[in-house]
Each structure stands twice: as structure tokens, then as C-alpha cells.
**Student:** 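Before I ask anything, let me first share the structure, which is written out below as C-alpha cells.
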Protein chains: 2
Amino acid sequence: METSDTKAARTRRRILDVAAQELAEHGYGGASLRRTAAAADLKVGSLYFHFQTKDDLVAATLVDGVESARTGLLAAIEAVPHDAPPTERLRAAVVGHLDTLHASDARAASVVRMVETLPPDLRAAHVTHERRFARVWLDELQRGQAAGVVRTDIPVRVLRDLLVGALNSTSTTSPAANKRLDDIADAALRLLAPVSPSA
Amino acid sequence: METSDTKAARTRRRILDVAAQELAEHGYGGASLRRTAAAADLKVGSLYFHFQTKDDLVAATLVDGVESARTGLLAAIEAVPHDAPPTERLRAAVVGHLDTLHASDARAASVVRMVETLPPDLRAAHVTHERRFARVWLDELQRGQAAGVVRTDIPVRVLRDLLVGALNSTSTTSPAANKRLDDIADAALRLLAPVSPSA
DNA sequence: GATGTAATCGGACGGTCGTTCGATTACAGG
DNA sequence: CCTGTAATCGAACGACCGTCCGATTACATC
């Protein structure tokens, strides 16, 4: 009973969840440890039993958020049958990305919300982890290209950055009617589709 | 000498510029009036001669930023000759958007950086102004559709939101090599282009 | 049930925050 | 040059911040 399910681990998880909420709502500079502790039914001093400093908590929240997005995306992809048409795989990826981003827990959303105003050291540590996420989309798009269901007239890294940027920008705009997310997914998939020789 | 060029007006402009910098770097919650004042060669008390409160300054910065983006976009569009091909108009819009967003002054960028973590009242006041900007892109895309140079297989509002989201997401990613902005503009234009009847 | 460690509390510390306001300086009009 | 308003300063206020640490409680083990 040492590693994964001790009381400390459960409390730590609870702290990470409410920290994601707090950081998503107020950003890095506006987030308060006292509000975070209160939301986790704790006093502020108790946070320091689980995290050495505020920046440590933020860093952990960032790792947790990226990992949530990555596994959410991967799970959505691997859930589609291996003999399904490549288009369906792609759709699953887009929908999975959007679902994870708009999940009731704010783990993935918090990353998008605060990443732009992080202090340089936290930012630097974050980009490393974020590359692992970007890699998943890069692989998936290249796989789609090989299968002929993703356009090849745009450098694939640029295509990925624009796609991810467009999808992530919906975290702001959301009264999040689920119908709207479907429309967005449809549109994104149309944008990715190959083009017949145009003018 | 009452309205536009008095000393107060010049100082106010200087404050708005450094406030945009400060807000873009630290976000709403992390921005400091003392740092802002120092960057404007003022003491913090002097800010209150020009703005009644911090939120007033932030609100003014938001208005200024959106207006900067809007006029930057409009100017880029109107700079292209009236008999130029519609594609060129569209390119000018995309490039104009990107240029304004990556301009050395952070007026437009500050909006993108802090909009996600604004307190509800500032946020509400902001969306009103932002609609005026979104309108410009909507008109331009519809005009492009009428001219046959913008795809019509995606609801135009969704297309606009994804386009603007994708373009704005580049404000983060930028070591901003100008070559890279050109690649992004090319890619965005390809995404907007009509598709011949695909599969 | 006693015991020792794990976890939380309560309260304090210095520092920065936004805001106020009377004193002080810059500057334009007569 | 004098005068009055425009603009800035300087210092203080209470509130909240992140952080620390000794006292206190919860809990697993025997």
C-alpha cells in the first residue's frame, strides 16, 4: 500500500483537479493557493505536504493536463476497430481531442488557458512535455496521409499546428452545446480532407 | 488643444501600450500596476489620473487591442487594388491578421493572451466589441464565397471561428521568423480554398 | 488500545497588490 | 512674471499573497 492508493495519493489527485479548475479560471498569475486549498477542503498549509511550492503544483498540473490530453486522444483513436476506414480513425481523433478539452474536469483545458502567461522556467519545462502530445497528432496525420485521407498540399507540421490551434481555441467559445462540438468536428475533418486538383 | 493631442492624451496612449505588454506577458491576474507604471516612466499613483481603476485600464486595453486588430485587418484588405483577383484580397486579409497579431506593439496580442482568464464582467463587456471584429472576417469570407474563392462546404461562421482560432494560436508559437508566418498564411489560404468534388 | 508516523491545522512572517489622497511640480494663458 | 489648473508624486491603508513551522489530529500497525 505504498505507491498508488494511499491517502496522500488520493488527496494529491484531488488537489491537482481543483488546481486545474483554479488555473483554468484565473490563469497562472491570478490563481490563489488559498482558494485552491479551500476547493479541496484543505487549509493552505496542508498543500505544502504534497507540493513543495506553488510552481511545483503548477508544473504538476501542467504535466497532468498534457498527459490527460494525450491519453484522451490516444484512447479515442485506439477505440476504433482496426479494420475501420481511415476516415473514421481521423474523426475519432478530432472528437477525442475536443471531448478531452471540454471534459468536466479542467485538466486539459487548464493547460491551454494558462500556457501563454507562464513564467519562462515553467514554460520551458512545459514545452518538452507538450512535444510528446504534438507527436501523437503528427503521427496520426502522417498515417492519414499515407492512407490518402489527409491532404498533402500543406507541410504536415504546419497543418498540425493550425489544426490543434483551431481545436483548442474552442475551449474559450464554449457554452459547449454538444451539437456545436459535432459541427466543429465535421468542419475540422473537411479541412483535413484531400483536395482534388483545384485551379 | 482640447481633445486629441494634449499631454494627458499622449500619456494615456503610452500607458495603454505598456499595459498591453504587461497584460500580454503576465495575463490579467498576474499584471501589476506598479510594473506598468514603471514601464511608462510613472509612479503607480499617477495611473489613477488617467484611469479610475485597474479594471478600467484593462477594459481600455481590450478595446484598444480589438480596435487595433480590426483596423489592421481592414487596412490590409483595403490596400489591395479593387481590380485585383479575389484570392489576393483573401491573402491580404490573412497576412494582415497575422501581422497585426505579431506586431511589435502587443495591442492585439494582449487580447488573445488574457481573454481566457478575464473576470466575468470584463469578459462580457469584451465580447460585444469582439463581435465587431468577427464581423469583418465574416463579411470577407462571405465575399470570398460569392467570388468562388472560399469553400462553401463548411458553415461560414464555423469556418471563421476555426480560421481565427488557428491564426491566433500562432501568437504563442512564435519565435516569429517571418518566413514561418508566410508558411502559415499559405497553409491558411489552402484551407480556405474551395474543394473540387472529392470522394 | 497503545504507539508512532502520516496528514492536517492554525497562525504567523514579509512582501506585493490595488487604491486613496494631500503635497508637489509642470505647464499654459493673461 | 504671475497664476491657476493639469499632471505627477510620495506615502500610507487594508487585503491578499506564497511560504514556513510548531502544535494537533487522523490513522495504520501491532
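In what follows, every chain begins at residue 1, and chains take the letters A, B, ... in the order their sequences are listed.
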**Student:** Over how many whole Å does the gap from B:Ile15 atom CD1 to D:dA7 atom P extend?
**Tutor:** 11 Å

**Student:** What is the distance, to the nearest angstrom, from the CG atom on A:Leu122 to the P atom on D:dG18?
**Tutor:** 14 Å

**Student:** A:Lys7 has a side chain; which of C:dC9, C:dA7, D:dA7 sits nearest to it?
**Tutor:** C:dA7

**Student:** Is any side-chain N or O of A:Lys54 closer than 4.0 Å to OP1 or OP2 of D:dG18?
**Tutor:** yes

**Student:** Measure from the side-chain heavy atoms of A:Val44 and tell me the nearest of C:dG18, D:dA7, D:dT19.
**Tutor:** D:dT19

**Student:** If you draw the axis of the six-membered ring of B:Tyr28, does the NZ or CZ of B:Lys54 fall within 45° of it and under 6.0 Å from the ring centre?
**Tutor:** yes

**Student:** With a 4.0 Å heavy-atom cut-off, tell me which residues in residues 27-40 of chain A come close to DNA chain C, sorted by residue number.
**Tutor:** A:Arg34

**Student:** Can you tell whether the side chains of A:Arg13 and A:Asp64 come within less than 4.0 Å, N to carboxylate O?
**Tutor:** yes

**Student:** In this structure, how many angstroms lie between the P atom of C:dT19 and the CG atom of B:Asp55, rounded?
**Tutor:** 7 Å

**Student:** When rounded to the nearest 0.5 angstrom, what is the spacing between CD in A:Gln142 and CZ in A:Arg160?
**Tutor:** 9.0 Å

**Student:** Which nucleotide in the list C:dG11, D:dT8, C:dT8 gets nearest to the side chain of A:Thr11?
**Tutor:** C:dT8

**Student:** Can you hop from B:Leu163 to B:Val115 via hydrophobic side chains spaced under 4.5 Å?
**Tutor:** yes

**Student:** Output the rounded distance in Å from CZ (B:Phe51) to P (D:dT8).
**Tutor:** 11 Å

**Student:** Rounded to whole Å, please give me the gap between CD in B:Glu22 and C1' in C:dG18.
**Tutor:** 14 Å

**Student:** Answer yes or no: does a side-chain N or O of A:His50 lie under 4.0 Å from OP1 or OP2 of C:dT8?
**Tutor:** yes

**Student:** Any donor-acceptor pair under 3.5 Å linking the side chain of A:Arg151 with the backbone of B:Arg190?
**Tutor:** yes

**Student:** Looking at A:Glu88 and A:Arg91, is any side-chain nitrogen of the basic one under 4.0 Å from a carboxylate oxygen of the acidic one?
**Tutor:** no

**Student:** D:dC27 C1' sits how many Å from A:Arg10 CZ, rounded?
**Tutor:** 11 Å

**Student:** Has B:Thr6 got a side-chain N or O lying under 4.0 Å from the OP1 or OP2 atom of C:dC27?
**Tutor:** no

**Student:** For A:Arg13 and C:dA7, give me the distance from atom CZ to atom P, rounded to whole Å.
**Tutor:** 16 Å

**Student:** Answer yes when A:Glu67 and A:Arg132 have at least one side-chain N-carboxylate O distance shorter than 4.0 Å, and no when they do not.
**Tutor:** yes

**Student:** Closest to the B:Ser46 side chain: D:dT19, D:dT8, C:dG18?
**Tutor:** D:dT8

**Student:** Grab the NZ-C1' distance between B:Lys43 and C:dA26 for me, whole Å please.
**Tutor:** 17 Å

**Student:** Does a side-chain N or O from A:Tyr48 land closer than 4.0 Å to OP1 or OP2 of D:dT19, or not?
**Tutor:** yes

**Student:** For A:Gly45 and B:Gln52, find the nucleotide of DNA chain C closest to each by heavy atoms; which residue's nucleotide sits nearer the 5' end?
**Tutor:** A:Gly45

